[in-house]
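Have a look at the structure below, then the notes.
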Amino acid sequence: MNQDFVIFDLETTGLSPAQHDIIQIAGVRVVAGKIRESDLFFSYVNPGGPIPAFISSYTGITNADVRGAPGLGQVLQDFSRYVGAATLIAHNGHRFDMKFLKESCARHGLPTRKINYQDSIYLSRLVWGKCFGGHGLDAVLARLKISAVGSQRHDARGDVDLLARAVEKMWGMLPGPSAHAALTVYEGVLPALLPA
DNA sequence: GCTAGGCAGGAACCCCTCCTCCCCT
């Protein structure tokens with residue numbers, strides 16, 4: 001596998017890209033099919049408003065965590081630079097994370113560039129087909145016997161760590177390169193790279 | 001006190017529309 005990947009996860013103030021804001025981004029690079037555990041991206045994002053109590057309870061992310069954090073434009077620019085030419089992977093990214101990135105860029109008037117991405121939910125469907133328990137991250141982790149102990153679920157760093165281990169295992173379960181090629185590569189957006 | 005929005009995919013049916021379920025925070 002020659003293509004480099006960045007497996008990433010967003011935490012947000014809610015489910016609607018049109019109404020809610022990104023508050024945390026984490027990513028880890030995968031080169032030649034191997035996770036580079038030391039090559040991480042992480043940042044809180046200051047959403048410019050209060051985090052709903054439900055979200056703080058769900059994610060553990062508080063207003064104090066994001067108060068001193070950079071704004072979305074800066075963080076997404078840094079993330080875009082980190083990603084470079086890699087293909088992004090997120091769990092349910094086709095329906096959630098990539099839509100959040102696109103809508104967030106649009107709402108903040110950020111010029112964009114095109115980026116390829118895959119959705120690990122489709123990887124799970126490729127491996128197990130229609131199966132009991134579905135293809136949510138918890139179900140995938142349970143099937144792969146990946147323990148979340150030691151990783152903070154619903155924190156982007158923890159979720160990225162778990163997802164990366166899951167993706168690596170699922171890749172290993174595919175019968176061959178043709179199966180890899182069956183995974184749809186979508187086109188999304190990240191902020192255009194500005195001169196450093 | 002606050003637990004929501006909307007896609008993808010299938011069904012029904014003939015090519016769009018409607019419906020239901022999944023999954024993310």
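Worth saying up front: this structure is predicted, and the values here are computed from it rather than measured. Note that these values count all heavy atoms, side chains included, but never hydrogens, waters or copies made by symmetry. Below, chain A is the first sequence line, B the second, and so on; all start at residue 1.
- Nearest to the side-chain atoms of A/Ala53 among the listed nucleotides B/dC24, B/dC2, B/dA4 stands B/dC2.
- The separation between A/Phe54 atom CZ and B/dC24 atom C1' is 11 Å, rounded to whole Å.
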Close N or O pairs between protein and nucleotides 8-10 of chain B (under 3.5 Å):
from	atom 1	to	atom 2	distance (Å)
B/dA8	OP1	A/His94	NE2	3.1
B/dA8	O4'	A/Arg95	NE	3.2
B/dA8	O4'	A/Arg95	NH2	3.0
B/dA8	N3	A/Arg95	NH2	3.3

(Q) Using side-chain hydrogen bond (donor to acceptor under 3.5 Å, both in side chains), reason through A/Thr13 and A/His20 one step at a time and then give a plain yes or no. (A) CA-CA 5 Å; A/Thr13 57; A/His20 298 126; 5.1 Å; no

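- Rounded to a whole angstrom, the distance from the P atom of B/dT17 to that of B/dA4 is 29 Å.
- In a base pair of the Watson-Crick type (N1 to N3 plus N6-O4 or O6-N4) or a G-U wobble (N1-O2 and O6-N3), with each distance short of 3.5 Å, B/dC14 is matched with no nucleotide.
- Only one option out of A/Asp155, A/Asp159, A/Asp161 pairs with A/Arg157 in a side chain to side chain donor-acceptor pair (under 3.5 Å); it is A/Asp155.
- For the C1' atoms, the distance from B/dC19 to B/dG1 is 32 Å, rounded to whole Å.
- Within the 4.0 angstrom heavy-atom criterion, no nucleotide atom of any strand lies near A/Ile23.
- Separating the C1' atom of B/dG5 from that of B/dC21 is a span of 14 Å, rounded to the nearest Å.
- Within 4.0 Å (heavy atoms only), A/Gly134 reaches sugar-phosphate atoms of the nucleic acid but no base atom.
- Nucleotides B/dC13 and B/dT20 are separated by 14 Å at their P atoms, to the nearest Å.
- Between the CD atom of A/Glu103 and the C1' atom of B/dG5 there is a distance of 12 Å, rounded to whole Å.
- A/Phe100 is linked by a ring-ring contact (aromatic ring centres under 6.0 Å, His included) to A/Phe96, counting only residues two or more places apart in sequence or in another chain.
- Annotation: B/dC16 and B/dG10 have their C1' atoms spaced 14 Å apart (nearest Å).
- Of the two residues near DNA chain B, A/Gly14 and A/Gln19, the one whose nearest nucleotide lies more 5' is A/Gln19.
- Nucleotides B/dT25 and B/dG9, compared at atom C1', are 23 Å apart to the nearest Å.
- Here, B/dC18 and B/dC22 have their P atoms 22 Å apart, quoted to the whole Å.
- If you check B/dT3, B/dC24, B/dG5 against the side chain of A/Leu137, the one that comes closest is B/dC24.
- At the heavy-atom level, A/Asp155 lies nowhere under 4.0 Å from the strands shown.
- A/Ile23 and A/Pro47 make their closest contact through CG2-CG, 3.7 Å (heavy atoms, listed as atom of the first residue, atom of the second, distance).
- Distance noted for atom P between B/dC23 and B/dC2: 27 Å (whole Å).
- You'll find the ring centres of A/Phe8 and A/Phe41 outside the 6.0 Å limit.
- With rounding to whole Å, A/Ile61 atom CD1 is found 14 Å from B/dC24 atom C1'.
- As rounded to whole Å, 14 Å separates atom C1' of B/dT25 from atom CD1 of A/Ile25.
- Looking at heavy-atom distances under 4.0 Å, A/Asp159 makes contact with sugar-phosphate atoms alone, never a base.
- Looking only at side-chain heavy atoms (C-beta outward), A/Cys105 and A/Leu76 come within less than 4.5 Å of each other.
- Checked for salt-bridge contact, A/Arg95 and A/Asp119 miss the test: no charged N lies under 4.0 Å from a carboxylate O.
- Rounding to whole angstrom units, CD1 of residue A/Ile55 and P of B/dC2 are separated by 15 Å.
- When rounded to the nearest whole Å, the span between NZ of A/Lys102 and P of B/dG6 equals 15 Å.
- Note on A/His91: only backbone sugar-phosphate atoms sit closer than 4.0 angstrom, heavy atoms only; bases stay farther off.
- To the nearest angstrom, C1' of B/dT25 lies 12 Å from CD1 of A/Ile51.
- B/dG5 is paired with B/dC24 under the Watson-Crick or G-U wobble criterion, all donor-acceptor distances under 3.5 Å.
- Contact of the A/Lys34 side chain with the A/Glu168 side chain is registered, since non-hydrogen atoms from C-beta on lie closer than 4.5 Å.
- The separation between A/Leu15 atom CG and B/dC23 atom C1' is 9 Å, rounded to whole Å.
- By the 4.5 Å heavy-atom criterion applied to side chains, A/Val28 and A/Ile35 are counted as neighbours.
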